[in-house]
Amino acid sequence: MSKIIDDILSSLSRSRIFRNRELLLPDYVPEELPHREEQIKRLVEILSPLMRGEKPNNIFIYGLTGTGKTAVTKFVVKKLHEKISNSFIYAYINTRQTDTPYRILADLLENLGSRVPFTGISTAELYRRFIKKVLELKPILVIVLDEIDAFVKKHGDDILYRLTRANYEMGKSKISFIGITNDVKFVDLLDPRVKSSLSEEEIIFPPYNAEELEDILKRRATLAFYNSVVSDDVIKLCAAIAARDHGDARRALDLLRVAGEVAEREGAEKLTIEHVNKARVEIERDRVYEVVSTLPFHSKLVLLAIVIGVNEKKRTLTTGEVYDVYTKLAKKIGVESVTQRRVSDIINELDMLGIITARVVNRGRYGKTKEVNLAVNEETVIKAISEKDSKVASLWDR
DNA sequence: CATCCACAGGAAGGACGGGGGT
DNA sequence: ACCCCCGTCCTTCCTGTGGATG
C-alpha cells in the first residue's frame, strides 16, 4: 500500500519538464548576462574608484522594464563586493516595494545594522540616525535605488534631495548612488539639483530585440528545462511576444516558465505553441485577479460600475456616467458614496493598474471629461470582485 | 469670437487605525 | 499610560481648459 503512495508521490514530484524551474523566476540573477557586455563594462569602470577606497560618481541608469538594468547592477555590485568586500558596503532598495521615504530610510538603516521600528518615529529622526550611522562607518556606501521613477511620481524627490545632500552635510563624500529608472522622461520631474547630482554618469539600456531575446531564452532554457523539451519554435514565439512588448526579457522568461508549468500540469512531455498561448492568458488572468481582489472597497464599486455601464451603453463612458452608475450601486447596498472628485482619482488609479483605460478628451461644447473603458477580461474582474467581497457581489446578478 | 460645458486635477487638510517613543 | 508619527482614504474648495456652439 505504501508503495503505491510512494510511486504516486515520486511521479508527481519528479518533473519531466523542468530541470531547474528557479532559473526562470524573476529575481534570479544569472551568472552570465548576454548582450549587456557594454553596460557591464561601463558600470565597472564608473565604480572602479571603489578599489582605491574612493567614492565613485553617482550613476543614473535608464532603460525600459526587463532590459536587464536590475540584473546587471546587482550582478556587478555583488561581484565587486566579493572582490573588495572591505572597501565598501552596498544596499539595494527597490523603491516600488519600499515605497515611502520612511521605509527607504528604515531599510538603509537596517542594511547598516540598526534595528528600526516599522513606524512610530519621524522621517526626520530616521534621517538623523542615518547620517550618524554613516559617519560612524569607515567604508564607502553604495546605494542602489531601483525604480525611482515610480517613487518620485508618488512622493516627489524630497528624500532624493536630502540623501544626495547627505554628502555635503557630513563634510565628506561617502555615499554613491545608483538610480535606476524605467521612465526616460522621468528626469524632467526632478529638481535640477537632484538631477545634476544623480546623473554624474549615465548608462542606457536599450531594449533587447527579438534575436537577442531568443538567445537569452535559449541559454536559460537549456539550463532550466530537460533536453529537447523546448523547441526553437516555442522559444521564438516567446521571444516574439516579448519583443512586441518593448523587448522585455522578464516577460519572456515568465512566459516560458508558465508555459512549462502548464505543460507539466497537462502531463505533456514537450512544450507546444498552445502551452505558450495558454500561459499568456493565465499570466494576464492572475495579474488582473490579484490586482482587483486587493482593491479598496470603493475602487471595486467604481470598477463594477464601469463594467455595468460599458455593458449597458456598449461604448466608452464619461466620468459623469461612471459616477451615476456608481452612486446607484452604492445606494442599492446602502453605503455612502464618495465624491466625484475621489471617483475621478479612482479612475486614474484603475487606469494606472491597467485594469481600465481612461483617456482625457475635450469635447468642446460638451466639456472636458475622460473616456473610460474596461481593458481586461470582464469575467475575471467579476470573479475577483465577487469572491472577495460578498457585499459588492450581491450587485452582480443577471 | 466669446462663451460655456463637464469635467480635470492641484492644494490643503482631516479622520482613523496601526504602530511606535518615553 | 499617554503622546507622536505615519500612510491611506477621503473631503472641500478651487482654478484651468479645448473646442463646438450660438
Side-chain angles (χ1 to χ4, degrees), chain A residues 93-110 114-133 147-148 150-160 162-163 185 188-191 290-306 309-310 313 315-331 333-353 355-373 385 388-389 391-392:
Chain A
I93 294 178
N94 184 316
T95 58
R96 187 189 289 276
Q97 292 156 232
T98 310
D99 65 345
T100 67
Y102 186 92
R103 267 182 270 166
I104 286 182
L105 285 166
D107 253 40
L108 283 172
L109 273 164
E110 254 165 55
S114 298
R115 269 209 18 89
V116 175
F118 281 106
T119 171
I121 45 181
S122 72
T123 335
E125 168 61 16
L126 273 197
Y127 181 70
R128 273 197 296 280
R129 290 190 193 184
F130 172 70
I131 297 290
K132 186 162 161 258
K133 191 76 189 174
E147 307 198 58
I148 38 176
F151 182 87
V152 169
K153 275 173 200 157
K154 227 172 160 180
H155 300 278
D157 51 11
D158 203 51
I159 356 85
L160 288 187
R162 270 194 290 174
L163 281 176
K185 290 172 298 173
D188 303 333
L189 295 173
L190 288 177
D191 181 307
E290 171 63 25
V291 169
V292 171
S293 57
T294 55
L295 246 30
F297 179 77
H298 286 286
S299 301
K300 284 182 186 169
L301 213 50
V302 169
L303 180 55
L304 187 60
I306 292 168
V310 167
K313 298 261 191 350
R315 59 167 170 77
T316 61
L317 305 174
T318 66
T319 304
E321 287 168 340
V322 173
Y323 191 65
D324 278 350
V325 181
Y326 160 79
T327 44
K328 278 185 194 122
L329 291 181
K331 200 167 187 185
I333 53 175
V335 298
E336 203 128 326
S337 328
V338 299
T339 55
Q340 180 158 337
R341 179 70 188 81
R342 177 67 191 136
V343 168
S344 173
D345 276 345
I346 289 176
I347 288 173
N348 285 340
E349 286 161 23
L350 293 173
D351 180 42
M352 292 254 275
L353 292 168
I355 303 296
I356 65 171
T357 56
R359 203 162 51 89
V360 189
V361 285
N362 268 293
R363 299 176 309 170
R365 190 72 244 248
Y366 304 104
K368 187 188 188 187
T369 182
K370 276 191 284 242
E371 284 179 348
V372 178
N373 208 347
I385 290 179
K388 299 270 174 149
D389 210 312
K391 209 174 194 182
V392 186

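Order of the sequence lines fixes the chain letters, A, B, ..., with proteins taken first and strands second; residue numbering starts at 1 for each chain. In this text the structure is predicted, and so the values were computed from the model without any measurement.
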Exercise. Compare side-chain N and O positions of N348(A) against OP1 and OP2 of dA8(B) and report whether any pair is under 4.0 Å apart.
Key: no
Quiz prompt | Interatomic distance, I104(A) CD1 vs dG7(C) P [rounded to whole Å] | solution = 11 Å
Exercise. Give a yes/no on whether any side-chain N or O of H298(A) is located under 4.0 angstrom from OP1 or OP2 of dC10(C).
Key: yes
Quiz item: Does any N or O donor sit under 3.5 Å from an N or O acceptor when you compare the side chain of R341(A) with the base of dG10(B)?
Solution: yes
Quiz item: To the nearest angstrom, how far is I347(A) atom CD1 from dA6(B) atom P?
Solution: 16 Å
Quiz item: Expressed in angstrom and rounded to an integer, what is the separation of E349(A) atom CD from dG7(C) atom P?
Solution: 16 Å
Quiz item: Base, sugar-phosphate, or nothing: which does S299(A) touch, judged by heavy atoms less than 4.0 Å apart?
Solution: nothing
Practice problem: Send over the distance from K300(A) NZ to dT8(C) C1', rounded to a whole Å. | Solution: 16 Å
Exercise. Would you mind reading off the distance between L105(A) atom CG and dG7(C) atom P, rounded to a whole angstrom?
Key: 11 Å
Quiz item: When you match K368(A) and D345(A) each to their closest nucleotide on DNA chain B, which lands nearer the 5' end?
Solution: K368(A)
Quiz item: Does G367(A) or I346(A) map to a spot on DNA chain C nearer the 5' end, using the closest nucleotide for each?
Solution: I346(A)
Self-check item: Lys/Arg-Asp/Glu bridge criterion (N-O < 4.0 Å) met for E110(A), R103(A)
Solution: no
Exercise. Walk me through it: do L350(A) and V372(A) pass the test side chain to side chain contact (heavy atoms under 4.5 Å, CB included)?
Key: CA-CA 10 Å; L350(A) 293 173; V372(A) 178; over 6 Å; no
Self-check item: Integer-rounded Å distance: dC10(C) P and E336(A) CD
Solution: 12 Å
Quiz item: Would one find a side-chain N or O of T339(A) under 4.0 angstrom from OP1 or OP2 of dT11(C)?
Solution: yes
Exercise. Name the closest nucleotide to the P296(A) side chain, picking from dA8(B), dT12(C), dC9(C).
Key: dC9(C)
Quiz item: Given atom CZ of R103(A) and atom C1' of dG7(C), what is their separation to the nearest angstrom?
Solution: 8 Å
Self-check item: V338(A) side chain, from C-beta outward: closest of dC10(C), dG7(C), dG19(C)
Solution: dC10(C)
Self-check item: Among dG18(C), dG9(B), dT11(C), the nucleotide that comes nearest once only the side chain of V360(A) is considered
Solution: dG9(B)
Self-check item: side-chain N/O Y366(A) vs dT21(C) OP1/OP2, d < 4.0 Å
Solution: yes
Practice problem: Report the residue from K370(A), E371(A), E321(A) that forms a side chain to side chain contact (heavy atoms under 4.5 Å, CB included) with T316(A). | Solution: E371(A)
Exercise. Applying side chain to side chain contact (heavy atoms under 4.5 Å, CB included) between Y326(A) and each of L303(A), I306(A), V343(A), report the one that passes.
Key: V343(A)
Quiz item: What nucleotide, of dA6(B), dG9(B), dC10(C), holds the atom closest to the side chain of R342(A)?
Solution: dC10(C)
Quiz item: To the side chain of N362(A), which of dG19(C), dG9(B), dC10(C) is closest?
Solution: dG19(C)
Quiz item: Donor-acceptor pair, T369(A) side chain versus T319(A) backbone, under 3.5 Å?
Solution: yes
Quiz prompt | Protein-nucleotide distance (E371(A), atom CD; dA8(B), atom P), rounded to Å | solution = 12 Å
Practice problem: Could you work out which one of dG9(B), dC6(C), dC7(B) sits closest to the side chain of Q340(A)? | Solution: dC7(B)
Exercise. Take E321(A) and R365(A), find for each the nucleotide of DNA chain B with the closest heavy atom, and name the residue whose nucleotide sits nearer the 5' end.
Key: R365(A)
Quiz item: Mind checking whether D345(A) and E349(A) have side chains closer than 4.5 Å, heavy atoms only?
Solution: yes
Quiz prompt | T319(A) vs dA8(B): side-chain N/O to OP1/OP2 distance below 4.0 Å | solution = yes
